[in-house]
Amino acid sequence: MENKHSLYKDTLMKHYRQPHNKCEGEIEGADIVQRGANPRCGDDIEIGLYLDQKHVQVDQVKFRGRGCSVCIAATSMMTQAVSGRSIEDVRKLSAEMREWFHNSDGHDIADPPDDLQALDAVREYPARRRCVLLSWEALTDALDRI
Amino acid sequence: MENKHSLYKDTLMKHYRQPHNKCEGEIEGADIVQRGANPRCGDDIEIGLYLDQKHVQVDQVKFRGRGCSVCIAATSMMTQAVSGRSIEDVRKLSAEMREWFHNSDGHDIADPPDDLQALDAVREYPARRRCVLLSWEALTDALDRI
Amino acid sequence: MPATLHDMNLATQWHSAVSKHDFPLLHSSALGRNLHYLDNAATSHKPKAVIDTINTAYSELYSPIHRGLYPLAEAATEAYEQARLSLQAFIGASAADELIFTRSATESINLVAQGWARDRLQAGDQVWVSRMEHHANYLPWQRICQEKGAELKIIELTADGQLDLARAEDLYGPRSRLIALCQISNVLGNENPIQQVCANAQAQGIPVLVDAAQSVSHLPLNVVELGCDFLAFSAHKMYGPNGIGLLYARAERLQEMQPLLVGGGMVDEVGEGIAASSWIDGPGRFEAGSQNMPGALGFAAAADFIESLGRERIHQHLQQLTRHARTLLGQIPGIRLLTYDSVPLSSIVSFTLDGVHPHDLAQVAGERQVAIRAGHHCAQPLLRSLDLDATARASFAVYNDRSDVEALAEAIDYARRLFG
Amino acid sequence: MPATLHDMNLATQWHSAVSKHDFPLLHSSALGRNLHYLDNAATSHKPKAVIDTINTAYSELYSPIHRGLYPLAEAATEAYEQARLSLQAFIGASAADELIFTRSATESINLVAQGWARDRLQAGDQVWVSRMEHHANYLPWQRICQEKGAELKIIELTADGQLDLARAEDLYGPRSRLIALCQISNVLGNENPIQQVCANAQAQGIPVLVDAAQSVSHLPLNVVELGCDFLAFSAHKMYGPNGIGLLYARAERLQEMQPLLVGGGMVDEVGEGIAASSWIDGPGRFEAGSQNMPGALGFAAAADFIESLGRERIHQHLQQLTRHARTLLGQIPGIRLLTYDSVPLSSIVSFTLDGVHPHDLAQVAGERQVAIRAGHHCAQPLLRSLDLDATARASFAVYNDRSDVEALAEAIDYARRLFG
Ligand SMILES: Cc1ncc(COP(=O)(O)O)c(C=O)c1O
Ligand SMILES: Cc1ncc(COP(=O)(O)O)c(C=O)c1O
């Protein structure tokens, strides 16, 4: 069903159908839990950060919540992309993602890790940017609380 | 200088140059003095009514003030048209004049007294209606105070 | 889904009266030519007649209004006031002086909230709205009630989505100062019993404001028969231009209103310092600044366009499309329609599909050339009460036909399979 | 009155860049073809490029803004925000988020009065305006000062009609909360020393609002260099469409503002009952209701049109016409010009003629195909101080040329003879 002009690339659909790091109940044992909500769309998620002991690395990110396929898939990709990275790296990546989506004509991320490149198609739909960025914004808010 | 398409018909210019019933100083000895002002144009006049003893007839109307040629000429014509008429007649004429100017496509006054017909040309210029009607409105206000 | 013979006859007659051919965007633009545009409750496309009127206003008649003493200015002023007269006839008002040109339905309602209600509301007073109001007819009341310590009271809905007037106990009570209701909901598509509410309210001396944004393009409407005090709508949802709307205010109410904007053209005499200034009479008092003459002419042209088809007939056409949409969508597994069979049809169908977010529905539909809306439709109070974050919505206009409805149903079914 | 050779060369160059041919109303309409239109301070005519842009917006790109998930809606939203970017460049703002689309300069100023000043003014505070303000930049301040018990302070004029800043003693004093000034007066044509006022005000932390309605079409303008906090203007006076205007608000000030209108599109989360609702970030918070996309595109097209000629050059052209008008009118017996030689020229000449009421002047001129304005020009405080009820005014735009000025002088002289 892959369609060149569609938002719904296989990678996105894969993440939507089988999201990584998604909890069903509460997020338990996380160092920081942060909500991200967009009442205009009804997207409403919560992410949990698990840090290393020295608080220099993000060991894992989990999430729960509801939203459209773009929101869920992008959140899944985010958790996958940042787990195991240094906090500094995560901040950088987060800034790059926002940059990437705010200047849709601008430069690409040099080497987008993991599946993030699959979000490229969403950049053509400004109305859906918020769905992609919601989890990244929650992530930044969470990092600011360390 | 009469111009078919001009507002400035000879009759109007005649009344403007030599207005009837115009005082230079205060209006003296009138039964009722009434101001009519249109701050939007700067027209500002005062009319004085001289009634008969029984208060059923308007013996004379005088005026003073400043305004554009249409305002001055129309006021002059008004004083001429109503002096010597019964109050009832004056009320009727006043209503007809307003009617005449508000429905510029409507019917004409059956037999406009004196020079009033010369105002016909002004009906094509809605922006000047107010200049014609100012004195008639002051007149109505004055009659309401009898 | 074969149409009945009767429906088909009506449809044929209809399409000889109006079609996509009359709408340049739908007929010949790259982005619109093949589009099934079903987002008409948001805004409608413009017939050539309206676009041409705007064009002519700028190219042949443009001039300042109510200010010039040269023939062009007189002609432009005449045309502007003529537009007001056309719209007066369109809504059946007793006098053109009861019509105020605003920028939109939103401004019209805010004008009543700030220009009329502000001076009248006291702590403990009530303003009534319904659960199904658009934010434009909700937030202005919420804000003024907050400011004045008044109560914002909600007419809740029955299980089938109609105004539950029986439960709205104090609606006509002694503290009720205003009732503000939409004639047709932009989510449910319900038509509300405005005339009945107005009659009851009038008996108690309570003014009623009608938000006619969704109704004025297809419901026969007469403000005197309706009995309302205020009525608000925008031109752009009735095939007219953007940037212009209308507030009807019954003469008595108009007398009681203060302007929302102050500036040129609406003042009689400006006081020195903070001495009070005096406003001119009539609707011009509420139209501060340079008038939008091309907007007013386009607005009147839109009303003429609607009148040329007849609101009765338009309404019938839209009801047929709505019925067809309900039938076709209703056959898709997992669909939930937001309106009930017990409620008369108008021009709007809202729905959800189990397991697919409305944004995804709209996106998939968009990729298949079907333009529908997803979201809260500026009706958060309603959606919250239905425990929904968002719905999908299709809404119809004169240029839509059965093929648009069929494309919609196919797109939704495709989305179901894609996400299934 | 022969022009100098230098002037004639400039004029030739100018008319190959722009002429009445580019303006459909002036080029080919029945009422405009032979008209010497000199009422440009009221509103200007539209070049074909602007009319075509509006047309295209309706015919090829029309759609709801910020709401749809189909390609047409994305394209329309993109175009709308692109228009904001163009206008950002046009006024030199640091960010597009500092630009709010309003319906007009009038709404822009009222928005600042009600959305910013209302929450800040206290009894005894001062708002400063000048004696030469248009009612649009006077009445909103008068009203809010009345409401708050604040003082409306006036910068009076020197004998030659300039801001008498020396006499405005507390202008930068501790109770001064806002200074609201026009950049160019719509009666006198004066250009005010805004940059200097802004610098002094900024040093004391006093915000400055600039009414740029009369300047934005021909004065090179950069809000950052100017140093103002707010700047307001309308599209229709700069060759753009009616029904749309702009408020620039420096980011810091924009953060402090409350919306004038509440409704759809500007709310984040609607509170239950009268619980507070939250507004979205950015300029959209002040743009309640459906956006006027065709208006915004026409607005940006007007800015492009101006930029294509260059504001420096336009200003020069208008100054030349103004100088010529002053010379020719100055020769008519009984004329009194309202501006002084000591004041730099811009694009406006106001005058009176002894013994002839300005309304008669304008009417006679109108009958001779010369469109000028007569009245108080929405500047009653100024006219009262000059002890005048009305003046006549001629104002110039890019499409005017020396023949328009000559027709003006002839018409005024004719009026003199008619009434002499
Ligand atoms: C100096 C000045 N400010 C403000 C305005 C108001 O502009 P608008 O009527 O477009 O709101 C005008 C024009 O009427 C003006 O000349
Ligand atoms: C029921 C209803 N009321 C009011 C509005 C506001 O109209 P506008 O955005 O044109 O001001 C809308 C549309 O958005 C609506 O659907």
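The shown structure was predicted, so the numbers you read here are calculated from the model rather than taken from an experiment. Convention: sequence-line order gives letters A, B, ...; per-chain numbering from 1.
Closest approach of A:Tyr16 and C:Gly355 over heavy atoms only: OH-O, 3.4 Å. Considering every non-hydrogen atom in both C:Gln363 and A:Tyr8, the closest pair reads CB-OH, 3.1 Å.
Atom CZ of C:Phe419 and atom CZ of A:Arg17 lie 7.5 Å apart (nearest 0.5 Å).
Remark: side-chain polar atoms of C:Glu367 are paired, donor with acceptor, to backbone N or O of A:Leu7 under 3.5 angstrom. Side chain of C:Asp360 to main chain of A:Cys68: no donor-acceptor pair is present (N/O by atom type, distance under 3.5 Å, no hydrogens or angles).
Between A:Val70 and C:His357 the shortest side-chain heavy-atom distance does not fall below 4.5 Å.
Crowding of A:Glu88 atom CD: a count of heavy atoms from other residues, nucleotides or ligands under 6.0 Å not exceeding 12. Counting heavy-atom neighbours within 6.0 Å of A:Arg35 CZ, excluding the residue itself, gives a total of 12 or less. In C:Glu147, the CD atom is crowded: over 12 heavy atoms of neighbouring residues, nucleotides or ligands sit closer than 6.0 Å.
Only the side chain of A:Asp43 comes within less than 4.5 Å of a heavy atom of chain C; its backbone N, CA, C and O stay farther away.
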